[in-house]
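Convention: sequence-line order gives letters A, B, ...; per-chain numbering from 1.
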2 protein chains.
Amino acid sequence: MKQKKDLSQLLREKGYKITAQRKAVLDVVEAHDGEHLSSQEIYDLVRKKFPEVGVATIYRTLPVLEELGFIYAVDFEDGCTRYELHRTGQTHRHHHLLCERCKKITEVEDDLLEEIEDKIYGNYGFKIKDHRVKFYGLCKECDNKDNKDNNDGFDT
Amino acid sequence: MKQKKDLSQLLREKGYKITAQRKAVLDVVEAHDGEHLSSQEIYDLVRKKFPEVGVATIYRTLPVLEELGFIYAVDFEDGCTRYELHRTGQTHRHHHLLCERCKKITEVEDDLLEEIEDKIYGNYGFKIKDHRVKFYGLCKECDNKDNKDNNDGFDT
DNA sequence: CATACCTTGACAATCACTTTTATTTCAAAA
DNA sequence: TTTTGAAATAAAAGTGATTGTCAAGGTATG
């Protein structure tokens, strides 16, 4: 509904053919907005609708969808490439908070970096177009639990 | 000379054995301060001194040196893990500027993130311990060349 | 609907990295 | 020193994600 109409159009503009597989892959990622699916997970999900699809097709399609701006590749260094939906209206990649304890991943929509990017342009003359930012630490829940544990349970 | 003395000590503290291979790996990374060597590059360099060393030793040693705080793993998504020296005095990982044109990698020693990290703690309760930040764009030289080309040449 | 060529699926190959295995080294005890 | 068992090693085989190959099939245009 939203950008589905654009897929055909964008594919055509870039000289790619419009295929059911490409639509299916985008469908899957869109249906899992907010998640960070691995290529294999996407493969499995696409196969539910198209059991005959090949792995290679998935691996070939994802970079195309990324090139067209529908999805972003993200890397949480767990040994595979993951993808997330590029929501319409997003201008930059958002940041991720990775909890070291529970492994939960939180998205930070606020950009917060403009000031820094200006400073870097001033200091280095480097013109920033995009960024990838990951913060590692403890999420609220794990941090609270930690503090409670440290007080030997005398505190709630 | 600087932290070489500490290696033995730190290895011992963590219950690791002091081996010539571990020293050799650290030597190589230290000798290439400012570079971002891949595991394979480190392997090749170590073999110049210890031709009999095995790849697996390198792959096992690098995470140990990272755990001890001597080096950082960095990922420029070129298909391999790279390592850089953790210079004494550095409290956080520094940021990297990656030029899309000439592929040059510049290091940003300024942290610049404290304010943001405070905001994130306020908004999300997430306690940040470390970060990985990469900026993509054009370095000063490539940006200048771009502008000159656009002014000199014809308009397309 | 026929042609040209893009895309696909199957599967082998590759690539970075890990595990296994047999062997060696280490540091402390005897 | 020599002994000894845990830890570390090299080499090779294994792993799992990703890519390459190629014949067959699908898509866009005349």
Roughly how many Å is it from CD1 in B/I58 to P in C/dA16, rounded to a whole number? 15 Å

Where do A/D130 and A/H92 land on the side-chain contact (heavy atoms from CB on, under 4.5 Å) test, with the steps shown first? CA-CA 6 Å; A/D130 203 359; A/H92 302 278; 4.1 Å; yes

At less than 4.0 Å, is any side-chain N or O atom of A/T57 found next to OP1 or OP2 of C/dT8? Yes or no. no

Out of D/dT27, C/dG9, D/dA17, which nucleotide sits closest to the side chain of A/K17? D/dT27

Out of C/dT7, D/dA8, D/dT18, minimum distance to the side chain of B/R22 belongs to D/dA8

Rounded to whole Å, CG of B/L11 lies from C1' of D/dA7 at a distance of 13 Å

Given D/dA17, is OP1 or OP2 found less than 4.0 Å from the side-chain N or O atoms of A/T81? no

To the nearest angstrom, the CG-P distance between A/L62 and C/dT8 comes to 12 Å

If the test is salt bridge (Lys or Arg N to Asp or Glu O under 4.0 Å), which one of B/E84, B/E66, B/E107, B/E109 qualifies with B/R93? B/E66

Between C1' of C/dC11 and OH of A/Y43, the distance in whole Å: 11 Å

Among the nucleotides D/dG26, D/dA12, D/dT18, whichever has the atom closest to the side chain of B/A56 is D/dA12

Using only side-chain N and O atoms of A/Y59, determine if any of them is under 4.0 Å from OP1 or OP2 of D/dT18. yes

Looking only at C/dT7, C/dA16, D/dA17, the nucleotide nearest the A/Q40 side chain is D/dA17

In whole angstrom, give the distance that lies between atom CD1 of A/I42 and atom C1' of D/dT18. 14 Å

For this output row, return yes or no: ring centroids of B/Y72 and B/H94 closer than 6.0 angstrom. no

Looking only at N and O atoms, is any donor in the side chain of A/R60 or the base of C/dG9 less than 3.5 Å from an acceptor on the other one? yes

Whole angstroms only, please: what is the CG-P distance between A/D78 and D/dG16? 14 Å

Quick one: are the ring centres of B/H36 and B/F76 less than 6.0 Å apart? yes

Under 4.0 Å between any heavy atoms, over every strand shown, what does A/I18 touch: base, sugar-phosphate, or nothing? Just pick one. sugar-phosphate

Send over the distance from B/Y83 OH to C/dC17 C1', rounded to a whole Å. 10 Å

Does atom CD of A/E114 have more than 12 heavy-atom neighbours, drawn from other residues, nucleotides or ligands, at distances under 6.0 Å? no

Measure from CD on B/E41 to C1' on C/dA16 and round the result to the nearest Å. 14 Å

Polar side-chain atom of A/Q90 near backbone of A/R87 as donor-acceptor pair, under 3.5 Å: yes

Under 4.0 Å, heavy atoms only, any strand: does A/V53 hit a base, just the sugar-phosphate, or nothing? sugar-phosphate

Nearest heavy atom decides the nucleotide; on that basis, is B/R82 or B/R12 closer to the 5' end of DNA chain C? B/R82

Would you tell me if any nitrogen or oxygen in the side chain of A/T19 comes within less than 4.0 Å of OP1 or OP2 on D/dT27? no

Which nucleotide, D/dT27, D/dT9, D/dT18, lies nearest any side-chain atom of B/Q21? D/dT9

